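Below is one structure, written out as structure tokens, with a few remarks after it.
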Amino acid sequence: MKASLLLFITLVIGIWLFSCNRNSTGVDPEPDPTKDLHRIATGELEKTLVTVYSDASLQTGYCRIYVLLKDRNTGKVLQKARIQMTPIMDMGDMKHSAPCENPQTGYAENGLFPCGAVFIMSGTWQLEFLLQELENGDAGKVVVPVQVAPANRLKQETGSDSAHYFLALVEPRSPKVGINTFEITIHQQESMMAFPAVTDVEVTMEPTMPSMGHGSPNNEHPIHKGKGHYRGKVNFTMSGAWQIALRVSRNGQLLLQTMFDLQVP
Amino acid sequence: MKRIPIFEKIAIRVSGKNGAFCGRFTRIGPWIFLMVMIIQSMVSAQETEGVLAGQVRDKETGAPVPFANIKVLGTPLGTAGDSSGNFWMRLPPGRYRLAISSLGYAPGYVNAQVHAMRNTLVEIFLTPVAIQYAEEVVVYGDSEARRPAVRLNRTEALMERMEGMALIKRADFAWEPSIRGMSAAQIGVVIDGMKIFSACVDRMDPVTAYVEVENLKELDIRKGGFDLTLGASAGGTVNLVTYKPEFDRPLLLRMEAGVESASALRVARGEANWSDGTLAVRATLSVKQAGDFYAGGGRRIRNSGYRKYNFHVGFSRRWGTDRQLEFSLIGDEARDIGYPVLLMDARKTSSRILRLEYFWRPHGRDGFTLRSKIYYNHIRHWMDDFQRDVHRRTVMPGMYMPMFGETHTVGWVEEVRLQKGTHVLKLFLDGYRMRAFADMQMISLDAESPPAYLMNLGDVVNVQGALALDHTGMIASRWWIRNNVRVDFSSRDVTREFGRRALTGFWEGSDTYRRYWTFSASTSLEYQFSDHRSLRFSVASTQRMPSHMENYGFFLYNILDGYFYTGNPSVLPEWSRQAELVFEQFSRPLRFRMVGFVNDVRNYISGMVQSKEFKVYTNLSSVYWLGAEMRGEWEVREHLATRWSIAYTRGHNREFKEPLPLIPPLEAMVSVDCRWDKFRLALEGRFAAPQNRIATRTTLEDKTPGFVLLNLRLQFPLAPWLKIRLGMENVLDRYYHEHLSINNLPGRGRNMYLMFRILFPPEG
């Protein structure tokens, strides 16, 4: 009896130890690149279905936008195209654009063409996509309307050089207690339609809790990473309301100062 | 009379290969070798000892005095009586003087001649006393276990009377002990050997608060790192030994009620003990309520009152005299404790401390005892500043900061004792798992500002285990040796993601999980010039692991320097090397003891400024303490005795080239104790010199002027069932504060107390 019991226990333990887990066999299905994205608009060319996604609902400030191109006949996801996006705000008597970013290459990344825009005001915007050299030979322009909600992630400041600058908070989108990536974009307004990225400034950052009267250690000032993006690190030592003070200088001369408010849950 | 077991040879086989630990633990090798040699010497010891046995009885009633402590003066040897007052021990042939002590009795002394291979029986009668003299009841080595000296109203007041001990005071409640200038994680505070961790991250709930004076049987204080049986610490250990149910008290009831003037304290205590001989039950309950206390000169210290309830229930079952099972539960609740010099008050504290212990001393196995203990405790602490004017506060003004903390500890201790002749070997296995959590809300007075939140301790889990060996024995005529070896292991981490993220904000990229191994050892060598004089030299090398707060604490406000402290998972254990020289004279009527010590600590854990307002725990290069202590007793006449003590400690921080903080100044105490029949009178004087050696670079410490205090105590029976206790503390009504009082919290002014104690059955 004892021997049988021992054998049974040994078998159970052996099966448990050497059995495979749920993920160790089988073929993983192709991951859907749009799974966690919001579909914000669709459009059509002659042979191509154009779907526009964003990683969150559109708000004033910096938004990541993704374009998915599918051949209407075959349903195949197109991997090659040249895309140029232009956001347009039609205010009746005038139009203006906003800072935007287009795909760096003519190839999709994981099936999607990444773009970006800094919506400088809320309301209805038109996203113009000029599509060329598509893999299926198609080409054309698609214009889709999108709604942009107001948010407090964008600052418009006038610099000491009298130019107008837009500073948009890219990260953290969902701030957490501890170390977070801190990223902003800086663009200068040259005209109603031209917003070039600012790449030659120095940025210092200081997070504080106004209600507590203290800041936090181990922050890293943002440095330029390309296309007007400045990236550093911010440490939120506790949950609550934080302010991130920014000082932007050029060649050692203070250009502008601004501040972002964040609520850390 | 207890049956004397027949001598039985104990065979201990120990592998001679001690190289198993070589490599990683190169320091262990010599110690393992030493222990092997000691064990082998025990096995080969000649069986030429005799047996000294006896019974301790009450001089007035003839009833046995249970659990008396018996010390062989001039030796590190001793034993404890059983529940029937019986005791026995093996000793080499010779003439010995025994010191016998038990709570409620004056210490007794008796001479005994031990012959080889023969039994010597002694009968000892102890005189019951009301005011008890401070008496050392050293059982082994250099631990200093003293019973309450004079019946006082608080446990902490008993510690304050011992040389080398000081108390860090944050309120008129729950004072934190300091040994030779070391405190917090540098010393251990345990109850009946159980590890208990404070729940308050601001150290407002020291473990000493949980044992009320009616439950305190002994104050077992082990200074320095020489005794490693209760833990490896640089500074020492305070073990609060509680009363257990008594089998020889069929029914006992005691009630006490009284008042104190300085804080309008009202106290009521009750104690009951019942036993049928094999089962014993003991229960106590105390209720205390105090208002604001008055410092010297009639200055009222506002917001310093409190309420406190404490109960202790114990059950014991014994089988014959060789087996006993004990269960005890301590419950302590306190409410609305005012901390006049801190930012916050404690709103509520709650603790539950459970212990189950089994003791086995088998017949026929000479010198072998086994003690197994499992325990669990849950400590909780709530504090807030809702009653404060936070508008005008300099630290974090304009907001309320309610805080909560709790610790859970479950542990197990296994103690095996072997005795062979004059050699005693104790083996300890000590393990526990502790979980600590603390958090804090910050509620702004500005209604539009959302509250902030943080975790001071994000569910820190520490699993720790230790193996300790303690050997005492005679190595030659008049020469005694004691060796302690201890290995500790700890595995610890922060388990809540929120807490871990906050912490790694200071230590980005570092893993919070930590594992420690520490090794500690000590050796004492004692030479006895005569039966009445001895000289002992001890050395120790101990490693003290960082506390869970030093590893993982977050946003801990230190009122000493005004910084917020953050734990450091990478901090290394402190390494202490210390030495002590003790000269002792036991003869009557003059007895005294002189001690000199030095303690050099490397990897000293302290705060390092990281940014404005923030410090992180880190290892400094080194610090040291050195000092001297002396205490004595002169029995002038049969009814008159004087006692005195003096202590001085000096601490120095080599890194910052300044004195260490919280070092008590030169302190002395003198008392004159008189007794006529059942009338007792004690006059005490306490002197503290100014402390001008202060830490100005690392803390905001300031100089402290000296002071002199006088106390007068009187005790007498009104009837066999009623005793009166009254006294006056700080007779001169001095306004003073102690150097270790946080933010110069003043001491109590003139305090008169009056206590009535009802006894059943009546005494005498």
Side-chain angles (χ1 to χ4, degrees), chain A residues 59 150-153 169-184 203-223 225 230-247 257-265, chain B residues 390 393-401 403 438-456 458 494 496-510 512 553-557 562-568 607-616:
Chain A
Q59 295 179 321
N152 189 25
R153 297 173 66 84
L169 182 64
V170 180
E171 295 289 350
R173 281 195 170 272
S174 305
K176 289 179 180 174
V177 166
I179 295 283
N180 293 256
T181 299
F182 180 80
E183 184 176 336
I184 55 169
V203 183
T204 60
M205 172 200 59
E206 186 180 1
T208 54
M209 286 195 94
S211 60
M212 304 281 290
H214 67 72
S216 65
N218 281 6
N219 299 288
E220 288 179 14
H221 296 304
I223 55 173
K225 296 293 183 182
Y230 292 77
R231 198 177 303 143
K233 285 189 176 163
V234 60
N235 183 16
F236 300 124
T237 52
M238 62 186 74
S239 74
W242 285 81
Q243 282 185 341
I244 301 177
L246 296 172
R247 285 170 60 90
Q257 296 184 83
T258 190
M259 191 175 286
F260 285 101
D261 290 303
L262 277 176
Q263 181 66 34
V264 180
Chain B
V390 297
R393 187 166 61 194
T394 53
V395 180
M396 298 170 72
M399 65 169 55
Y400 294 118
M401 301 181 293
M403 296 178 76
D439 65 356
M440 175 181 180
Q441 258 192 311
M442 286 140 285
I443 305 166
S444 174
L445 296 180
D446 176 7
E448 292 186 359
S449 183
Y453 175 83
L454 62 86
M455 283 183 194
N456 304 101
V494 182
R496 284 213 196 187
E497 181 61 22
F498 188 100
R500 185 185 291 130
R501 284 187 62 88
L503 198 67
T504 52
F506 288 76
W507 300 100
E508 193 194 1
S510 67
T512 53
F554 182 70
F555 219 74
L556 311 175
Y557 183 64
Y563 278 87
F564 291 97
Y565 276 61
T566 304
N568 178 356
M608 180 181 69
V609 177
Q610 190 183 38
S611 63
K612 184 189 169 193
E613 299 182 314
F614 289 94
K615 279 187 179 180
V616 291

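Predicted model, so just to flag it, every value in this text is computed and none were measured. Per chain, numbering begins at 1; letters A, B, ... match sequence-line order. Note: hydrogens, waters and symmetry copies are ignored here, and every other heavy atom, side chains too, is used.
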Of A:P217, A:G240, A:S216, A:A241, the largest count of non-hydrogen pairs under 4.5 angstrom with chain B goes to A:P217
Distance col, row B:F614:CZ vs A:H214:NE2, nearest 0.5 angstrom, shows 5.0 Å
Closest non-hydrogen atoms of B:Y453 and A:M238, given as atom of the first, atom of the second and distance, are O-CB, 3.2 Å
Rounded to the nearest 0.5 Å, the CE atom of A:M209 sits from the OG atom of B:S449 at a distance of 7.5 Å
Original post:
More than 12 heavy atoms of other residues, nucleotides or ligands under 6.0 Å from CD of A:E206: is that the case?
Top reply: no
Counting heavy-atom pairs under 4.5 angstrom with chain A, the leader among B:M442, B:R500, B:M396 is B:M442
Between B:L454 and A:T237, the two heavy atoms sitting closest are CB-O, 4.4 Å
Tightest non-hydrogen contact, residues A:I179 and B:R501, listed as O-NH2, 3.2 Å
The interface call for B:F564 against chain A, heavy-atom contacts under 4.5 Å, is neither
Closest non-hydrogen atoms of A:S239 and B:A452, given as atom of the first, atom of the second and distance, are O-CB, 2.9 Å
Whatever's closer than 4.5 Å to a heavy atom in chain B on A:P265 counts as backbone
Measure the shortest side-chain to side-chain distance between A:K176 and B:E497 over non-hydrogen atoms and say whether it is less than 4.5 angstrom.
no
